[in-house]
Amino acid sequence: MSDIIIGIDLGTTNSEVAVLRDGRPEVLEIDGSRILPSIVGLADDGALLVGQAARNQYALYPERTIRSVKRRMGEDVLLPMGDQSYSPQEVSALILKRLKAAAEAQLGEAVKKAVITVPAYFSDAQRQATRNAGELAGLEVVRIINEPTAAALAYEVNAVEPRTILVYDLGGGTFDCSVVRAGGEITEVLASHGNNHLGGDDFDAKLIEHVVAHLREQHSCDPRENAAAMARITRACEAAKIALSDAPYARIDEEYLLPDRDPPVNLSLEVSRLDYEAMIEGYLDETLEAVHTALKGAELTVTDIDEVVLVGGATRTPAIQRRLEEMLGMQPRAEIDPDLCVAAGAAIQAGVMAGQSTSTVLVDVTPYTFGTSALGEMNGMLYPNCFVPVIRKNTPIPTSKTEAFFTMADGQEAVDVRIYQGEDRDALNNTEIGSFRVEGLSDVPAGNQILMRCDLDLDGILKVTAVEKRTGLEKHIEIDNATARFEAQELGAAKQRLASLIEGDAERVDDAEGGADAEQHREQVQAKALLDKAERLLETASAEDKEDLIDLIEAVRDTLDASDMTGLKRSTDALADLLYYLET
Ligand code: AMP
């Protein structure tokens with residue numbers, strides 16, 4: 001009998017199967033995809049459908065299609081499908097059988113054993129029902145493990161010291177967050193909290209509401225009566241939501257949405273990420289409150305967390321990553337595909353039980369953050385060289401991300417795009433790896449939108465494209481070996497740039513800020529650099545010099561705070577003179 005043990009993530013929306021190969025977890029393909037929709041149905045001719053085929057017929061034949069069976073596990077019910085009814089275990093067994101067959105086809109041998117994951121909150125009855133489903137599918141369930149434990153294992157398989165991991169899992173229809181202690185011999189869930197009816201589908205619903213409101217206002221029609229139109233809107237809204245994870249705008253275009261109307265209704269709507277984020281903000285707040293509750297349950301605080309791990313497709317939403325980072329003070333980890341992470345962890349557990357050696361999941365990620373500079377606020381002041389990350393460190397590659405920027409001056413004809421690699425909030429402390437100028441912009445007031453797209457491929461080639469949104473005017477550059485080339489030079493170059501900044505290098509201010517504004521920013525930047533320098537000198541200055549220094553530092557600060565540019569010039573000149581005198 002085969003010794004192979006497969007790892008299965010039996011999900012509410014989707015399921016996956018993985019095995020350990022050469023010590024590494026590998027999620028196996030089923031019908032060309034590594035994700036099997038957890039949907040079972042009967043075709044016209046009575047044939048059994050599992051996965052995508054069942055999903056395709058759901059809208060047409062809901063009476064002979066079953067989805068989200070996981071929600072019913074452990075209940076004493078029968079679910080109708082066509083002329084017959086089935087227990088939740090039986091329906092789950094059909095999904096498990098499909099996963100088992102896919103594994104056998106790819107491994108070339110019979111598979112008899114599995115590790116299956118379940119939510120941390122599953123009761124004994126629900127766990128037992130899952131075991132029974134395995135048996136019905138011809139699988140000995142050698143262990144049931146908690147989903148957050150599996151996710152933590154996928155990330156921390158080699159950790160020697162126990163680490164405290166927050167697993168934030170937001171799927172299509174469920175949300176869980178768990179505090180897991182993993183590493184060494186033990187892996188355990190300390191606390192778990194969530195909402196069984198919150199997920200990416202709710203985000204879709206917000207966009208759908210928005211589209212329906214638009215159709216009612218702009219086209220005086222209500223698509224909710226028309227099931228086919230609603231199905232198209234639903235699909236388009238999910239696609240738009242996914243697009244908004246990588247770009248600041250998404251279009252929802254559906255022609256002839258209501259063809260019976262005269263004239264036919266053509267839906268064409270642009271949604272901005274900002275508007276979308278406002279729509280889902282309440283949901284995000286709720287998930288963050290759950291994080292606090294889980295931490296409380298584990299009798300821990302935010303500072304006890306060593307890692308935050310993202311699981312579930314909806315965690316690709318940038319606002320989620322941003323809010324978690326703000327709350328926990330660390331960048332959440334998402335390098336393992338959040339849809340496959342639990343299956344990978346189940347395979348690791350399976351491998352451990354089969355006595356195989358294990359190692360971490362292999363993923364290609366960018367070791368650096370790439371981005372550009374723009375006018376922003378730093379230390380309470382406007383500053384022209386704020387670093388704006390576009391591709392964050394540890395993002396799996398290849399990847400493509402787009403951000404929106406705005407021109408600062410009326411009639412601005414050109415922008416300089418500078419590309420930096422690094423992590424510092426001040427772009428000038430990062431490494432500039434390329435720049436280009438986009439000329440011939442439209443003669444429009446300030447606020448002309450420029451979209452900057454960064455594509456990073458597996459060879460480390462970074463392609464940066466800037467597009468004037470209103471016209472499509474485009475310019476791009478390619479930077480070879482962006483992930484490796486500058487490592488050695490980085491520190492020295494950054495130091496040099498800092499030095500030149502302190503000496504008042506005026507050349508660096510972005511053209512995008514142009515004119516009088518630029519002059520003002522330059523002076524403010526210079527004043528700040530002088531203040532830093534003066535403060536450092538305070539420690540070594542004589543008592544008398546110290547008094548003069550303090551007076552002038554205060555004068556510069558006051559004029560800076562008051563944005564009094566004439567006063568600022570006078571006070572910085574005086575301070576510069578004093579510093580010159582003190583240094584010579
Ligand atoms: P899961 O149940 O883990 O498969 O998660 C499915 C949910 O993740 C669905 O609501 C998807 O629409 C959503 N999803 C998948 N990819 C993305 C993405 N790139 N950005 C936002 N949501 C996504």
Side-chain angles (χ1 to χ4, degrees), residues 8-18 27 30 33-39 51-52 55 58 67-71 95 99 117-120 147-148 150-151 154 167-178 194-208 231 233-250 252 271-277 279-281 283-284 287 309-324 332 334-346 391-392 395-402:
I8 291 177
D9 172 4
L10 186 60
T12 309
T13 321
N14 295 310
S15 297
E16 295 86 27
V17 57
V27 182
I30 307 155
S33 164
R34 294 193 287 178
I35 289 172
L36 178 77
S38 306
I39 305 182
Q52 194 56 46
R55 184 183 180 172
Y58 178 77
R67 56 179 204 169
S68 301
V69 65
K70 188 172 177 177
R71 293 194 191 281
I95 299 167
L99 296 169
T117 60
V118 297
E147 287 158 12
V167 180
Y168 179 104
D169 180 349
L170 188 66
T174 57
F175 167 68
D176 288 298
C177 99
S178 310
N195 178 346
N196 230 338
H197 291 277
L198 171 64
D201 299 348
D202 297 299
F203 299 0
D204 298 345
K206 285 284 180 191
L207 279 172
I208 294 167
I233 292 173
T234 304
R235 210 169 312 132
C237 284
E238 186 184 9
K241 171 189 76 173
I242 290 173
L244 287 170
S245 286
D246 295 324
Y249 297 95
I252 299 176
V271 186
S272 77
R273 185 191 275 171
L274 256 132
D275 289 344
Y276 166 64
E277 286 180 350
M279 293 176 208
I280 61 168
E281 197 178 356
Y283 292 132
L284 303 196
T287 68
V309 161
L310 298 182
V311 179
T315 60
R316 295 197 182 92
T317 310
I320 292 181
Q321 306 190 5
R322 197 176 61 234
R323 297 278 306 270
L324 279 171
E335 57 268 33
I336 303 176
D337 187 324
D339 286 318
L340 307 179
C341 181
V342 169
I391 296 179
R392 298 287 305 267
T395 303
I397 47 178
T399 185
S400 172
K401 301 271 181 203
T402 307

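All residue numbers refer to positions in the sequence shown, counting from 1. Whatever order the structure lists them in is the order used to number ligands and atoms, beginning at 1.
For ligand 1, none of its N or O atoms has an N or O atom of L170 under 3.5 Å away. Looking at G312 next to ligand 1, no N or O pair under 3.5 Å apart turns up.
Side-chain atoms of Q321 come within 3.5 Å of backbone N or O of T315 as a donor-acceptor pair. Side-chain atoms of D339 come within 3.5 Å of backbone N or O of G313 as a donor-acceptor pair. Distance alone, capped at 3.5 Å, is enough to place a donor-acceptor pair between the S33 side chain and the I35 backbone. Side-chain N or O atoms of T395 include one that pairs as donor or acceptor with a backbone N or O of R392 at under 3.5 Å. A distance-only check finds no donor-acceptor pair linking the side chain of D246 to the backbone of A243 [under 3.5 Å].
By the 4.0 Å heavy-atom criterion, A314 is counted among the residues contacting ligand 1.
Counting non-hydrogen atoms of other residues, nucleotides and ligands closer than 6.0 Å to CZ of R67 gives a total of 12 or fewer. Surrounding CZ of R273 are more than 12 heavy atoms belonging to other residues, nucleotides or ligands, all under 6.0 Å away.
What sits closest to atom 3 (O) of ligand 1 on the protein, heavy atoms only, is G313 N, 2.9 Å. The nearest heavy-atom contact from the protein to atom 16 (N) of ligand 1 is R316 NH1, 3.1 Å. Ranking the protein heavy atoms by distance from atom 6 (C) of ligand 1 puts G172 N, 3.5 Å first.
Here is the list of ligand 1 atoms found below 4.0 Å of a heavy atom in S245: 18 (C), 19 (N), 20 (N), 21 (C). Against a heavy-atom cut-off of under 4.0 Å, E238 is close to the following atoms of ligand 1: 9 (C), 11 (C), 12 (O). Residue N14 has at least one heavy-atom neighbour below 4.0 Å for each of these atoms of ligand 1: 4 (O). Interface of T317 with ligand 1, defined as ligand atoms under 4.0 Å from a residue heavy atom, comprises 21 (C). Atoms of ligand 1 lying under 4.0 Å from at least one heavy atom of K241, given by number and element, are 9 (C), 10 (O), 11 (C), 12 (O), 13 (C), 22 (N). Here is the list of ligand 1 atoms found below 4.0 Å of a heavy atom in G200: 10 (O). Below 4.0 Å from some heavy atom of G171 lie the following atoms of ligand 1, by number and element: 1 (P), 2 (O), 3 (O), 5 (O), 7 (C).
Between the CG atom in L170 and the CZ atom in F203 there is a gap of 5.0 Å [rounded to 0.5 Å].
Taking 4.0 Å as the cut-off between side-chain N and carboxylate O, D201 and K241 do not count as a salt-bridged pair.
Looking at D201 against ligand 1, both its backbone and its side chain come within 4.0 Å, counting heavy atoms.
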